[in-house]
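One structure coming up, written as structure tokens, with questions to follow.
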Amino acid sequence: LCVTEWKYLRSYICSSKPLNLVLSDNEAFLVATVFTGFLVWDIQRVQPKTFKLPHNVHNMLNKRNSTVTLAKNNTMLVASVRQLMYIWDMATQFLTISLDVHFGRILQVKQLYLDGKYVVVTPSLDKSIKVWTLHDIHGDINTIEHHKDPIMQISVNEETTIAAVTTRTSLGIWNITKGAISHSLH
């Protein structure tokens, strides 16, 4: 697909300065990270839904990766601030759960559909990657450790469940479902 021309459709009003913008996987929603939470626009509408973080919790600028994603067919908003993960119900805008999931700051939140399950992948400064099943957020957790450095970014091929993981000094190729490293470059 080659885009030859951009066309203006509409403006979205944002009451706070966005720290980050993310387009949903199906390109139906736009998510703005703001200091006190998140604003989510249905691309077809002008007014956003507001998702507020708990009192005294604030977002910070993350230039490298997105720490927010829409998950489970856009029915959940999953985000992280520091080592905490927050999940909101998109229909009610209610914060359904907050979990302390890592020992270091989460650098990316990635939603995937693997083996018939919706999962969220969270690489962290604590040198681990965690794979969370959204069907049972307290139960099925796959932790991938064995890194010498903090994980800076992860890219996953959903068809093969293979992930490329970058640290400051290396690249690792992982099988996400098995939690096993297949190749490493330093």
Side-chain angles (χ1 to χ4, degrees), residues 1-3 18-33 38 57-74 76-87 97-186:
L1 179 67
C2 179
V3 177
L19 302 172
N20 197 345
L21 292 172
V22 175
L23 195 58
S24 64
D25 290 343
N26 67 353
E27 299 182 0
F29 295 92
L30 178 66
V31 181
T33 302
F38 304 90
V57 177
H58 303 289
N59 276 314
M60 57 185 127
L61 182 62
N62 186 342
K63 294 179 183 178
R64 188 172 297 196
N65 299 317
S66 174
T67 56
V68 62
T69 190
L70 290 171
K72 210 171 180 183
N73 282 331
N74 299 325
M76 295 178 167
L77 178 73
V78 182
S80 70
V81 177
R82 296 173 194 81
Q83 78 281 3
L84 301 167
M85 185 165 63
Y86 299 95
I87 300 175
I97 194 163
S98 61
L99 299 166
D100 192 345
V101 296
H102 280 276
F103 295 109
R105 183 165 56 102
I106 297 168
L107 297 175
Q108 187 179 6
V109 176
K110 180 98 174 126
Q111 186 266 163
L112 302 168
Y113 188 72
L114 298 175
D115 297 331
K117 296 178 183 175
Y118 291 99
V119 299
V120 171
V121 180
T122 57
S124 169
L125 284 176
D126 66 7
K127 304 177 185 177
S128 73
I129 301 166
K130 293 190 178 180
V131 182
W132 307 86
T133 302
L134 291 174
H135 294 76
D136 182 15
I137 198 72
H138 292 292
D140 195 12
I141 302 165
N142 186 9
T143 302
I144 302 169
E145 295 174 334
H146 315 295
H147 289 278
K148 294 178 186 172
D149 296 314
I151 291 95
M152 302 307 289
Q153 189 169 12
I154 186 167
S155 181
V156 181
N157 180 326
E158 290 184 55
E159 294 173 10
T160 63
T161 67
I162 299 297
V165 177
T166 58
T167 69
R168 289 187 178 127
T169 61
S170 64
L171 170 74
I173 305 298
W174 286 92
N175 181 314
I176 287 289
T177 54
K178 294 179 181 175
I181 191 165
S182 59
H183 297 82
S184 181
L185 300 170
H186 296 278

Subject >> S124 side chain vs G104 backbone, donor-acceptor pair below 3.5 Å >> reply: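 A pair under 3.5 Å: yes.
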**OP:** Determine, step by step, whether V120 and L134 satisfy the side-chain contact (heavy atoms from CB on, under 4.5 Å) criterion, reporting the C-alpha distance in whole Å, the side-chain angles of both residues, the deciding distance to 0.1 Å, and the verdict.
**Re:** CA-CA 7 Å; V120 171; L134 291 174; 3.7 Å; yes
Original post:
Would you find a donor on one side and an acceptor on the other, under 3.5 Å apart, between the side chain of K110 and the backbone of I154?
Top reply: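 Checked: no pair found.
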Original post:
Roughly how far apart are Q83 CD and L125 CG, rounded to 0.5 Å?
Top reply: 10.5 Å
Original post:
Rounded to the nearest 0.5 Å, how far apart are CD1 of I129 and CD of Q108?
Top reply: 9.5 Å
Original post:
Nearest heavy-atom pair of F29 and N74: which atoms, and what distance?
Top reply: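 Taking every non-hydrogen atom into account, CE1-ND2, 3.5 Å.
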**OP:** Just do the side-chain contact (heavy atoms from CB on, under 4.5 Å) check on T67 and V81 with the steps written out, would you?
**Re:** CA-CA 8 Å; T67 56; V81 177; over 6 Å; no
Original post:
Can you name the one residue among T122, V121, V109 that meets side chain to side chain contact (heavy atoms under 4.5 Å, CB included) with W132?
Top reply: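 Testing W132 for a side chain to side chain contact (heavy atoms under 4.5 Å, CB included) against T122, V121, V109 leaves exactly one candidate, T122.
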**OP:** Quick one: list whatever passes side-chain contact (heavy atoms from CB on, under 4.5 Å) with I173, sequence neighbours left out.
**Re:** I162, A164, S182, H183
Original post:
Under the criterion side chain to side chain contact (heavy atoms under 4.5 Å, CB included), which of L77, L21, T69, N20 is the partner of V31?
Top reply: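 Answer after filtering L77, L21, T69, N20: L77.
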**OP:** To the nearest 0.5 Å, tell me how far H102 NE2 sits from K127 NZ.
**Re:** 14.5 Å
**OP:** Please name the pair of heavy atoms, one in S80 and one in N59, separated by the smallest distance, quoted to 0.1 Å.
**Re:**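 For S80 and N59, the tightest heavy-atom pair comes out as O-OD1, 4.3 Å.
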Original post:
Nearest heavy-atom pair of Y86 and L84: which atoms, and what distance?
Top reply: OH-CD1, 3.2 Å
Original post:
Can you find a pair of side-chain heavy atoms, one from Q111 and one from V78, that are under 4.5 Å apart?
Top reply: no
Original post:
Quick one: ring pair (Phe, Tyr, Trp, His ring centres under 6.0 Å) partners of Y113, sequence neighbours excluded?
Top reply: Y118
